[in-house]
Undergrad: 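If you scroll down you'll find the structure; I have some questions about it.
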There are 2 protein chains.
Amino acid sequence: MPSAPHPRPRGPKPTRVDPDQILDAAQAVFAQDGLRAASLRAIARHAGCDPALIYYHFDSKEALFEALLGRRFPGVLREVKELSDDRDLRPASVRLWDVLLIYHRHLKDDPGIRSMIRGEIVRGAEGLTHLIEEQIRPITTCVRRIVEQGMARGELRPDLQPLLVTFFLVKMQLEILDVLPVVLPRLMDLPPDEAVRIGMKTWFDLFWRGVALDPSAPLPSPPDPVI
Amino acid sequence: MPSAPHPRPRGPKPTRVDPDQILDAAQAVFAQDGLRAASLRAIARHAGCDPALIYYHFDSKEALFEALLGRRFPGVLREVKELSDDRDLRPASVRLWDVLLIYHRHLKDDPGIRSMIRGEIVRGAEGLTHLIEEQIRPITTCVRRIVEQGMARGELRPDLQPLLVTFFLVKMQLEILDVLPVVLPRLMDLPPDEAVRIGMKTWFDLFWRGVALDPSAPLPSPPDPVI
DNA sequence: GATCCAATTCAACGGGTGTTGAATCATCAG
DNA sequence: CTGATGATTCAACACCCGTTGAATTGGATC
């Protein structure tokens, strides 16, 4: 009485789906739900294909996420590395502000990766931990180098812990991207973009006063209008 | 041939488990896995009882978490509220530092609640969002009041956004509690407790220089030895 | 000892998950 | 047209989840 257990006609609408579309869908779903909660079925639905197809292009859910990392971090690293070149003699304030802009540009649309950076995954998926570290460490090392150059050039206080200063600078930037656009519009009436803009400006102003040898040094102009 | 479908002897070792033990177990498991990933079965295992017993004492997983909130936040609020009394005429630096100490004292052993504050849950469980807001809002409001008093008394820069300053202060404290004890021991060789201690000291030093009208005002002494 | 009640466990339900093997389709070479 | 090959889907497996109702226990009361 149940439906006949015979092989039925299969595969009705096989429109081509290339791996990039799957990555896009994965990014969208991971962004909303995080790695753990995001389901392959949801990603497949988003990409307009069958969950099994994901396994044709990627080895596992973890590998899919890994591929996502690979398409985001190298760009950040490249720009920050270039910025940390010690032949760059611009004021430390300008260069550190540029760090925030780079973070903003690459990560503003990717809460999935941000939530991973902030440790949601670090605590959960053990296998990914070292992979994440591998991707993040070089980036923060470059930022740290900028701080150290600033100290050596007499622009920043000589009594700083470069590691901690770097941590403070970039960590708060991530929190600004994550929290302010959600919270600030409810408390003051601001559009989310403006919340991030004001947050970044205020944060850097406070940060710079904290680390500069001469806090009255002129600050960079506000973020790009693109923000 | 399968085992007889008859009622079998049930309930072999009913040692008493009071609700507090369940809350303790829940706190431990939520701490490691977060609300979403933590399973009632794991909590029950941890508490040495059956998952169903949890439903005897609590209405649902959500209610269990709610009870956990109720055991943590009121203490923080009480202390911060007391601290924000406008008859407290101690220097703003001392009072804001006390804010960090209160956060440290109440939250250092509770990564579960911290990860909730930081938004892991805010994005996920819709029902809990407003509940969390209800608990957190009054606390940050008190801190904000301290900032505003500091501005009014001419101790803090008059051009500050009290809301953002408050956000920066407490948000970074949470990140310090979460991240530094894990990361710093791997980079420099420090015991986790010392990492938090140095992190707090360095952060408040930077923060204070950033917000104070006269950053050379004497800073409070380092954290309690209890830390 | 019998009765009652609160505390606890058992077993199952329905649903969601990551993953896989076999079946189907689309397309292009010969 | 035939075959081969890569892309895609179907259907299922085994597992874990939150939750529930009925069964069982331990202990106090009568």
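We name chains A, B, ... by the order of the sequence lines, and we start the count at 1 in each one.
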Undergrad: Indicate yes or no: does Asp110(B) engage Arg72(B) in a salt bridge with an N to O separation below 4.0 Å.
TA: yes
Undergrad: I need the CG-P distance between Leu53(B) and dT20(D), as an integer number of Å.
TA: 15 Å
Undergrad: Quickly work out the Phe65(B) CZ to dG18(D) C1' distance and round it to whole Å.
TA: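 After rounding, the reported distance stands at 16 Å.
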Undergrad: Please report the distance, rounded to the nearest Å, between CZ in Phe58(B) and P in dT8(C).
TA: 12 Å
Undergrad: Are the charged groups of Glu148(B) and Arg144(B) less than 4.0 angstrom apart, N to O?
TA: yes
Undergrad: Starting from P on dT17(C), measure out to CG on Leu35(A) and report it in whole angstrom.
TA: 14 Å
Undergrad: By nearest nucleotide on DNA chain C, pick out whichever of Ala52(A) and His57(B) is the more 5' one.
TA: His57(B)
Undergrad: For a quick test of reading the model: is some side-chain N or O of Tyr56(A) closer than 4.0 Å to OP1 or OP2 of dA7(D)?
TA: yes
Undergrad: Sort me out a list of protein N/O and nucleotides 14-17 of chain D N/O pairs below 3.5 Å, or just none if empty.
TA:
unit_1, atom_1, unit_2, atom_2, d
dC17(D), OP1, Ser39(B), OG, 2.9

Undergrad: Taking atom P of dG18(C) as reference, at what distance in whole Å does atom CD1 of Ile54(A) sit?
TA: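 Spelled out: CD1 on Ile54(A) to P on dG18(C) is 9 Å.
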Undergrad: Got a sec, which residues hit ring-ring contact (aromatic ring centres under 6.0 Å, His included) with Phe207(B), two or more places apart in sequence or on another chain?
TA: Trp203(B)
Undergrad: Asp59(B) CG to dG18(D) P: how many Å, rounded?
TA: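 Spelled out: CG on Asp59(B) to P on dG18(D) is 16 Å.
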Undergrad: Under 3.5 Å, is there a donor-acceptor pair between the Gln149(A) and Arg95(A) side chains?
TA: yes
Undergrad: Strictly distance-based, threshold 3.5 Å: is any side-chain N or O of His104(B) a donor or acceptor partner for the main-chain N or O of Leu100(B)?
TA: no
Undergrad: Under the side chain to side chain contact (heavy atoms under 4.5 Å, CB included) test, which residues partner Asp20(B), sequence neighbours left out?
TA: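 Asp20(B) satisfies side chain to side chain contact (heavy atoms under 4.5 Å, CB included) with Asp18(B), Leu23(B), Arg71(B) only.
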